[in-house]
S.K.: 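Here's a structure for you.
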Amino acid sequence: MPTASFVHRPRRLRRTAAIRRLVRETRLAPEDLVLPLFIVPGEGIRKPVSSMPGVAQLSIDEALPVAREAQQLGLGGIILFGIPKIKDSHGSDAVDPEGIVQQAIRAIKEDLPELWVIADTCLCEYTDHAHCGVLQGHEVDNDATLEILGRAAVSYAEAGVDMVAPSGMMDGMVGAIRAALDRAGHTQIPILSYAVKYASAYYGPFREAAENTPTFGDRRSYQMDPSNRREALREAALDVEQGADWLMVKPGLAYMDILRELRDQFQLPLAVYNVSGEYAMVKAAAAQGWIDEPRVVLETLTGFKRAGADMILTYHALDAARWLGGA
Ligand code: PBG
Ligand code: ZN
């Protein structure tokens with residue numbers, strides 16, 4: 001048997017499952033995952049989102065068992081999106097103490113005080129035009145929106161939420177929310193900022209789930225141009241300055257470089273949103289039998305972690321936690 005004359009053989013560390021496990025650099029765990037839930041008014045409602053197989057809009061009573069399962073499986077938490085009965089020009093339900101999300105927060109925290117509950121904080125599900133802020137003519141009025149976001153965050157805090165997550169890409173939103181929370185005595189509620197959010201076609205299915213397709217125009221005057229990297233660093237730096245506790249990059253797959261860049265340049269914990277279109281593509285291919293769904297999902301989620309994410313918002317969270325647990 002001829003022996004090659006080199007000593008470096010990386011394959012030595014890949015030969016068996018035992019050694020592969022010992023040299024593994026990234027470990028995905030259920031507590032890294034956060035499950036998004038879409039809450040609608042009513043009772044006994046479980047309305048499937050056609051473009052997101054396995055995802056449904058849920059009334060609060062239907063959301064409770066799902067939240068319980070999230071806790072049992074050891075997920076990091078849940079993030080709530082509310083779809084109100086009535087939408088108006090100013091998104092009033094978002095700031096109403098009896099609003100859909102406030103009710104959901106109270107019900108879930110009462111039942112599951114230990115579960116980490118995040119409230120997405122934006123106006124697009126609550127406005128009748130479905131833009132992420134109030135309008136001045138056909139433009140989103142940045143500063144008028146800030147005041148409403150502050151009130152929304154305070155009312156979520158008063159309902160018992162653990163963390164607020166502003167997602168509307170308004171300038172100054174983190175600072176405005178921090179000030180509003182502090183003024184109301186909620187100095188301990190952290191802000192997870194969707195600091196770097198791109199104007200992405202990957203949000204397509206979410207618009208059905210959250211019923212937030214803009215009635216005119218698009219979100220490109222506030223969400224970022226997918227071509228830009230330096231601008232992502234600037235957005236993140238501004239949010240750090242304004243007191244963000246946690247940064248997010250969204251979407252995930254097409255922006256792994258941005259995730260890595262933020263991980264290297266900032267010290268805050270980092271989240272990534274594995275968005276609706278990314279989920280829909282996996283589900284569609286899996287339904288055709290073209291990919292091995294559990295393996296593809298766990299590989300993707302591990303990739304996010306390897307790229308620098310501490311927390312992953314994903315519609316696969318329950319399934320992934322089951323697969324990780326070998327269940
Ligand atoms: C809007 C918002 C969006 C998502 C969460 N909050 C995108 C949008 O409609 O612009 C997308 C999440 C997903 O696609 O899974 N504030
Ligand atoms: Zn929005």
Side-chain angles (χ1 to χ4, degrees), residues 30 33-73 75 77-87 93-94 99-101 103-105 107-108 111-112 115 117-120 122 124-128 130 165 167 200-215 250-253 273-294 296-298 300-301 312-323 327:
L33 310 176
V34 168
L35 177 71
L37 291 178
F38 301 102
I39 311 290
V40 291
E43 240 178 88
I45 294 170
R46 178 172 266 279
K47 189 175 166 216
V49 178
S50 63
S51 51
M52 301 174 73
V55 175
Q57 295 180 332
L58 304 170
S59 52
I60 293 173
D61 58 315
E62 294 283 333
L64 279 171
V66 179
R68 230 168 272 142
E69 199 174 5
Q71 168 148 309
Q72 273 156 15
L73 285 165
L75 295 192
I78 60 174
I79 180 164
L80 301 177
F81 295 89
I83 296 112
K85 191 177 293 167
I86 296 167
K87 304 183 187 230
D93 196 85
I100 183 67
V101 143
Q103 290 185 42
I105 294 165
I108 292 169
D111 194 37
L112 304 162
L115 180 64
V117 176
I118 307 167
D120 185 85
C122 193
C124 54
E125 295 100 15
Y126 302 91
T127 50
D128 49 15
S167 61
S200 171
Y202 284 99
Y203 305 150
F206 179 91
R207 306 247 161 117
E208 179 194 346
E211 300 176 12
N212 73 338
T213 307
T215 53
K250 176 182 178 184
L253 280 177
Y273 203 136
N274 177 212
V275 301
S276 58
E278 299 170 16
Y279 176 84
M281 292 193 301
V282 169
K283 288 304 233 189
Q288 297 285 333
W290 292 341
I291 56 169
D292 178 335
E293 182 182 352
V296 165
V297 168
L298 295 180
T300 299
L301 299 178
I312 305 163
L313 284 70
T314 178
Y315 305 98
H316 297 290
L318 293 171
D319 281 338
R322 286 185 204 109
W323 297 327

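Values reported hereafter were calculated over all heavy atoms of this structure, with side chains retained and with hydrogens, waters and symmetry mates removed. Quantities reported herein were computed from a predicted structural model and do not represent experimental measurements.
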S.K.: To the nearest 0.5 Å, what is the distance between NZ (K283) and CG (D319)?
M.R.: 5.0 Å
S.K.: Quick one: closest heavy-atom pair of A321 and P30, and the distance?
M.R.: CB-CB, 4.0 Å
S.K.: Looking at NE2 of H316 and CD of E293, how far apart are the two atoms once the value is rounded to the nearest 0.5 Å?
M.R.: 6.5 Å
S.K.: How long is the straight-line distance from CG of L112 back to CZ of R68, given to the nearest 0.5 Å?
M.R.: 6.0 Å
S.K.: Identify the heavy atoms of G42 and D61 that sit nearest to each other, and give their distance.
M.R.: O-OD1, 4.0 Å
S.K.: Are I108 and L64 packed together at the side-chain level, in the sense that at least one heavy-atom pair is separated by less than 4.5 angstrom?
M.R.: yes
S.K.: What is the distance from atom CG of D93 to atom CD1 of I86, rounded to the nearest 0.5 Å?
M.R.: 8.5 Å
S.K.: Which heavy atom of E125 sits nearest a heavy atom of K87, and at what distance?
M.R.: O-NZ, 3.0 Å
S.K.: Are there over 12 heavy-atom neighbours, none belonging to E43, within less than 6.0 Å of that residue's CD?
M.R.: no
S.K.: Look up atom CD in E69 and atom CZ in R322, then write down how far apart they are to the nearest 0.5 Å.
M.R.: 4.5 Å
S.K.: When you measure from the side chain of N274 to the backbone N and O of I312, does any donor-acceptor pair fall under 3.5 Å?
M.R.: no
S.K.: At what distance, to the nearest 0.5 angstrom, does CG of L318 lie from CD of Q72?
M.R.: 10.5 Å
S.K.: Go through the steps for T314 and T300 under the test side-chain contact (heavy atoms from CB on, under 4.5 Å), then give the verdict.
M.R.: CA-CA 11 Å; T314 178; T300 299; over 6 Å; no
S.K.: Evaluate whether atom CZ of F81 has more than 12 neighbouring non-hydrogen atoms of other residues, nucleotides or ligands under 6.0 angstrom away.
M.R.: yes
S.K.: Side chains of M281 and Y202: closer than 4.5 Å at any heavy-atom pair?
M.R.: yes
S.K.: Under 6.0 Å from the ring centre and within 45 degrees of the ring axis: does the NZ or CZ of K250 meet both conditions for the six-membered ring of Y203?
M.R.: yes
S.K.: Of the non-hydrogen atoms in A63 and I39, which two are nearest, and what is the gap between them?
M.R.: CB-CD1, 3.7 Å
S.K.: Taking C-beta and beyond as the side chain, do N212 and R207 meet within less than 4.5 Å on heavy atoms?
M.R.: yes
S.K.: Measure the shortest side-chain to side-chain distance between V49 and Y315 over non-hydrogen atoms and say whether it is less than 4.5 angstrom.
M.R.: no
S.K.: Has Q57 got a side-chain atom pairing as donor or acceptor with A209's backbone, closer than 3.5 angstrom?
M.R.: yes
